[in-house]
Number of protein chains: 2
Amino acid sequence: MAAQSAKSVAPPGFKSHNHKHCIERAVTHAKQSCQANGLQFTAIRQRVLEILLTQHKAMGAYDILDQLKEDGFNSQPPVAYRALDFLVQHGFAHKIERLNAFIACHSPENDHTPTFFICRLCSSVVETQPELTRGALGKTAKDVGFLIEQTVVEVEGVCPNCR
Amino acid sequence: MAAQSAKSVAPPGFKSHNHKHCIERAVTHAKQSCQANGLQFTAIRQRVLEILLTQHKAMGAYDILDQLKEDGFNSQPPVAYRALDFLVQHGFAHKIERLNAFIACHSPENDHTPTFFICRLCSSVVETQPELTRGALGKTAKDVGFLIEQTVVEVEGVCPNCR
DNA sequence: TCCATGACGCTATAGTATTACAATAGTGGT
DNA sequence: ACCACTATTGTAATACTATAGCGTCATGGA
């Protein structure tokens, strides 16, 4: 899985776009958010986020590790996992359980319960927020008395571009 | 993780119940379903299903492998994974992606899109079917033109018994 | 009978993730 | 400036999860 150019990679919302822009935007946001909350947005963490942002696909921890290695960072597994844990914990990235892989958060500004659409053919992953899900799940949870702390909603299929 | 007695283990729908009954029922159903569809419900497959049915928790493939070993079955990883693949493929079990683990299907009679509620404290897993989810996701998918093939919906939190 | 298919036995290996501990760097109080 | 404290990183080792590949055997159809 080679690194790709920074422009017009896979689509967010399955539509083409200028990619460089969303990288800068997300990094800037993360930086500010960390500063505001007393978190350390270290070089490794920033670099991992940037790597994730280069594509709208989920990347395995070891793919990221390879990238880090090329950049002269250390390359033992914990390096990647620690950075990923940090990013996920603070909402700058998500784990796609179905793929055992990670993806940059597409709209880190909002507090949200994301739903991911994963294309089986081109491997693109799109993050959406159908509030309905929260509502439907919330109702079920309330009925049985379950306290929801985290949700994983991942849909697998074929994206519009591949159909 | 030791095997538990066959009665009143963790709750389906988080309520106590006679557990032995649901084991028999599920095994019988699987047997008949396989026969009706020309599938081979072999000894290994049956045993793996039974093992899964002994608890309303998700079990790792290697936990199952250990059980199989005790029963005198072969114990190389593929043995468990093959049986699990079969069970999942034909709807007799599900994989809980969040836990990298497997659980017997709670209502194999219906074709369904299950939602799992996972208790962080007692590890029990309950399968529900909030049709709403399908509707909500379906709408979003339609909007973006995505063809849904499979969905993973897993909710993590605290079950009513542990609150 | 011959062959195609599906299940299983078995070995090896790939892929994902964590534990543990030492070293270092950032932070806040004095 | 100094210290104590906490967070982060460096590094090695290991645990956990999953699959590939190939040989064997049983079953059922042409």
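Just so we're on the same page: letters track the sequence lines, and every chain starts at 1.
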Separation of [N] [atom2] from [X] [atom1] (nearest whole Å):
| X | N | atom1 | atom2 | answer |
| --- | --- | --- | --- | --- |
| A/Gln76 | D/dT14 | CD | P | 15 Å |
| A/Asp63 | C/dT16 | CG | P | 7 Å |
| A/Ile96 | C/dA17 | CD1 | P | 12 Å |
| B/Asn74 | C/dC10 | CG | P | 5 Å |
| B/Phe73 | C/dG9 | CZ | P | 9 Å |
| B/Phe86 | C/dG6 | CZ | P | 12 Å |
| A/Gln89 | D/dA7 | CD | C1' | 13 Å |
| A/Leu84 | D/dT9 | CG | P | 12 Å |

Please say whether more than 12 non-hydrogen atoms of neighbouring residues, nucleotides or ligands are located less than 6.0 Å from CD in B/Gln35.
no

Protein-proximity profile, nucleotides 15-21 of chain D, B/S/- by nucleotide at the 4.0 Å heavy-atom cutoff, equals --BBBBB

Kindly say whether A/Ser33 contributes a backbone atom to a donor-acceptor pair with the side chain of A/Asn37 at under 3.5 angstrom?
yes

Backbone N/O of B/His106 and side chain of B/Glu127: donor-acceptor pair under 3.5 Å
yes

Is the shortest side-chain N to carboxylate O distance from B/Arg98 to A/Glu97 below 4.0 Å?
yes

Evaluate the ring planes of B/Phe86 and B/Phe92, with Trp represented by its six-membered ring, and classify them as parallel (under 30°), tilted (30 to 60°) or perpendicular (over 60°).
tilted

Would you mind classifying the nucleic acid contact of B/Gln40 as base, sugar-phosphate or nothing, using non-hydrogen atoms under 4.0 angstrom?
sugar-phosphate

What I'd like to find out is whether the side chain of [X] reaches to under 4.5 Å of the side chain of [Y], using heavy atoms alone.
| X | Y | answer |
| --- | --- | --- |
| A/Met59 | A/Leu52 | yes |
| B/Val153 | A/Leu137 | yes |
| A/Glu154 | A/Ile118 | yes |

Quick one: bend of the helix from C/dT1-D/dA30 to C/dT30-D/dA1 from 5 pairs per end, to 10°?
40°

Ring centres of A/His94 and A/Phe116 under 6.0 Å apart?
yes

